[in-house]
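Just so it is clear, the structure is predicted and the values come from calculations on it, not from any experiment. Just the heavy atoms: all of them, side chains too, but no hydrogens, waters or symmetry mates, feed the values below. As the structure lists them, so they are numbered: ligands from 1, and atoms in each ligand from 1.
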Amino acid sequence: MTGLPPDAEVLGEPVDRIDGRPKVTGGARYPSDVHYPGMAYAALVQSAVAAGTIRRIETAEALAAPGVLAVLTHENAPPLADGPASLLGPPPRYPLRDARVVHHGQHVAVVVADTAERARTAARLVRVAYEEDAPRLDLEDPGAAVTVDPYGTDSERGDVPAALAAADVVHDETFRTAPVSHCPIGPFATVARWADGRLVVHDATQWPMLARTVFATMFSVPEEHVRVLVPYLGGGFGAGLRTSPHSVLTVLAARELGRPVKLVLTRPQMFTSIGHRPPTVQRIALGATRDGRLLALHHEGTATTGAEEFNAEPITSGTAAAYACPNVVTRDRLVALNLPNPAAMRAPGHTEGSFALESAMDELSSVLGVDPLELRLRNLAEVHPPSGLPWSSNGLRACYEAGAERFGWRDRDPMPRATRDGEWLVGQGMAGSTYAWWSAPCRAAVAVARDGTAVVRSAATDIGTGTYTIGAQVAAELLGLGVDRVRVEIGDTDLPPAPQSGGSGLAVAFTGAIEEAVHQVLARFMRMVRDDPHSPLRGRRYDEVVAADGCLRLAGDPSVGESYGEILGRHGLDDVTATGECDPRSPQEGADVVRAGAFAAQFAEVRVHERLGVVRVSRVVSAVDAGRVLNPTTARGQIAGAVVMALGMALFEETGFDPRLGRVTNATLADYLVPVHADVPDIDVLFVGRPDPLAPLGAKGLGELGLTATPAAVANAVFHATGVRPRALPIRL
Ligand code: MOS
């Protein structure tokens with residue numbers, strides 16, 4: 001009994017979120033809901049300049065305010081150890097290290113009081129005098145420090161200059177994308193409590209295991225003495241991957257005061273304290289034959305990072321694998337500015353890069369007079385272009401074909417500005433996406449109890465993606481139980497270690513670990529009955545039985561079998577537990593195929609008011625190859641949600657940084673425009689893939705996929721509607 005039964009009953013079904021009821025009834029405990037007796041509350045004091053040195057920081061007035069317990073500044077905060085390097089790069093500067101200020105909004109003090117209101121009031125009484133330096137705030141500031149090839153991902157194949165010289169058509173353009181903010185609905189919060197040298201932190205993190213390592217390292221305590229809890233998180237989108245300075249300050253305050261401390265970021269602080277998607281400027285040169293075969297592709301991208309900080313924003317990393325083009329150069333650069341450090345945001349880098357690449361492809365199609373979809377099909381990467389090896393699975397052609405069919409692409413008049421509906425110009429655009437997911441080893445424990453219920457346990461967290469639900473589904477499917485018989489306990493670093501909820505990778509690794517754990521549990525049940533004279537399954541082998549209806553039954557004769565509870569009862573056991581591990585990366589090594597990511601084709605229709613310039617998106621079709629779809633409801637939610645986020649990036653969203661002060665000018669949800677219901681059209685999501693043979697359970701990560709390509713599809717539709725080419729996001733009136 002290995003692998004999934006071909007007639008899976010629970011996995012692949014549109015099971016409702018098992019965390020839905022606790023979330024909508026208030027039973028789900030988010031980090032900000034945690035309360036301890038004697039808990040104190042922290043409030044942040046943030047820098048009012050973008051660069052310089054603190055000359056004087058006066059805390060007497062704040063300290064004298066009612067209820068204030070402490071004010072920590074760089075003058076009295078003890079030094080910490082540097083944090084660890086991670087997938088996210090070298091460790092960030094720890095807070096309150098010294099008098100230097102490197103961005104507006106940097107935390108320069110933390111005030112702790114007996115209530116949150118008193119802490120916030122007193123925080124306003126801290127007076128800071130600065131010696132200001134001239135800040136660097138512009139991505140194209142020639143004096144800013146530049147890192148070349150910051151992620152080691154720059155690539156080159158063939159001879160691009162020669163191929164561009166030989167091409168029939170060359171198209172060379174510059175594209176720009178604006179900074180945008182994650183805006184998770186749940187304010188990030190940290191509650192820290194030290195007791196007997198052990199630390200418990202309730203933290204809004206997408207990566208509890210990394211948070212544990214960060215706290216253990218910075219506060220010089222063993223990792224086993226740190227427990228990070230995040231059973232529920234109100235969204236993250238990448239902002240919760242890094243352990244941000246406010247979390248470290250909360251842990252520090254709790255240690256200094258010797259009592260539990262809570263810090264909840266205000267909405268404006270959510271714009272300055274947890275990162276944003278940085279702005280980019282990109283150049284793309286395409287060379288092609290007259291009939292639309294790509295000969296050369298040159299893609300350079302520059303993103304920003306915080307001064308003396310690092311953020312991975314690999315803009316061009318998807319370009320080398322996107323098309324069957326013999327000559328490709330990709331280059332990334334990182335420019336350090338006196339702005340808050342950016343953070344990974346849902347398909348970091350790739351989203352901005354795909355806007356430029358897929359817009360450039362649309363421009364090329366228009367120069368050549370080749371249909372945009374046809375141009376992509378002519379250059380489809382039938383094999384993985386950088387290696388020349390076959391993909392483990394690739395449904396991109398099917399995405400294009402099924403999406404075009406559903407959208408009615410072939411009915412489109414190819415002429416720009418040719419279709420109108422009254423005063424509205426109507427246009428259709430499309431774009432394609434080849435997206436790798438990033439995964440790491442994951443463990444999960446599965447226990448089956450005498451009452452016929454099961455529990456899945458792992459340090460993974462659910463940022464709203466459906467992790468709880470697919471975990472229950474996989475265990476239920478493989479154990480032959482109803483989903484309601486499976487409990488999922490996650491978001492706790494005392495449970496088996498798990499990687500980040502990010503990079504579209506958790507679902508694959510987490511469900512693979514559950515699958516392995518279930519197999520071990522079932523193998524133990526079979527060892528228990530092997531020599532058991534009372535068991536109808538005595539002498540049977542593992543591969544002769546199936547799990548169904550809470551029982552193990554003979555595959556050939558389902559009338560022969562018994563329940564988990566009967567076996568456990570006879571053996572005097574309360575439960576059987578096993579821990580499984582999955583490393584989704586391992587099958588690729590030495591293999592003669594390349595592990596494929598997910599693929600998508602996005603089709604968008606826009607209506608642009610001819611006189612007012614208003615852009616409305618009227619339809620989106622997303623055709624997606626994500627391998628085996630574990631749950632079509634949560635999978636559709638991921639794609640549709642990402643499409644909405646992409647519409648925001650395409651049309652509305654821009655984190656405003658004052659060009660002289662580096663201050664965020666629109667740090668509220670009234671001023672920072674995200675799509676609202678009236679902005680969101682019908683989004684039609686269709687899944688066309690087949691299970692990927694290299695992926696555990698055949699699933700490929702899709703949490704970020706709906707975001708790549710979609711801004712380009714909208715921009716290409718705007719071009720088709722108006723004849724005007726948008727080369728910068730967001731697209732304004
Ligand atoms: Mo995301 S940037 O994969 O959390």
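- Backbone and side-chain nitrogen or oxygen atoms of Glu704 are examined, and one is located within less than 3.5 angstrom of a nitrogen or oxygen of ligand 1.
- For ligand 1, none of its N or O atoms has an N or O atom of Arg346 under 3.5 Å away.
- Contacts between Ile463 and ligand 1 below 4.0 angstrom, taking non-hydrogen atoms only, are absent altogether.
- A perpendicular orientation is assigned to the rings of Tyr151 and Phe310, their planes being inclined by more than 60° (bins at 30° and 60°).
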Please test Lys700 against Asp625 for salt bridge (charged side-chain N to carboxylate O under 4.0 Å, His left out), starting from the C-alpha separation and ending with a verdict.
-> CA-CA 8 Å; Lys700 303 192 283 190; Asp625 164 24; 3.0 Å; yes
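- Side-chain contact annotation: Asn631 with Arg17, donor-acceptor N/O pair under 3.5 Å absent.
- Interface atoms of ligand 1 facing Met345, defined by a heavy-atom separation under 4.0 Å, are 2 (S).
- The minimum heavy-atom distance between Gly505 and Ser439, with the atom names listed, is O-OG, 3.0 Å.
- Heavy-atom contacts of Pro348 reach the following atoms of ligand 1: 2 (S) (cutoff under 4.0 Å).
- Atoms of ligand 1 lying under 4.0 Å from at least one heavy atom of Leu241, given by number and element, are 4 (O).
- Close contacts of ligand 1 with Phe237, meaning ligand atoms under 4.0 Å from a residue heavy atom, involve 2 (S), 4 (O).
- Shortest non-hydrogen contact noted between Tyr232 and Pro22 is OH-CG, 3.9 Å.
- Heavy-atom separations between Gly503 and ligand 1 include at least one value shorter than 4.0 Å.
- The single protein non-hydrogen atom nearest to atom 4 (O) of ligand 1 is Gln206 NE2, 2.7 Å, given as residue, atom name and distance.
- Considering backbone and side-chain atoms together, Gly238 places an N or O closer than 3.5 Å to an N or O of ligand 1.
- Less than 4.0 angstrom separates some heavy atom of Gly502 from each of these atoms of ligand 1: 1 (Mo), 3 (O), 4 (O).
- Listed by number with element, the atoms of ligand 1 under 4.0 angstrom from any heavy atom of Ala344 are 2 (S).
- Using modelled atom types, one finds no donor on one side chain facing an acceptor on the other under 3.5 Å when comparing Ser622 with Asp684.
- For His350 and Tyr435, the ring centers are positioned less than 6.0 Å apart.
- For Arg595 and Trp437, the positive end sits near the middle of the six-membered ring, less than 6.0 Å away and at most 45° from its axis.
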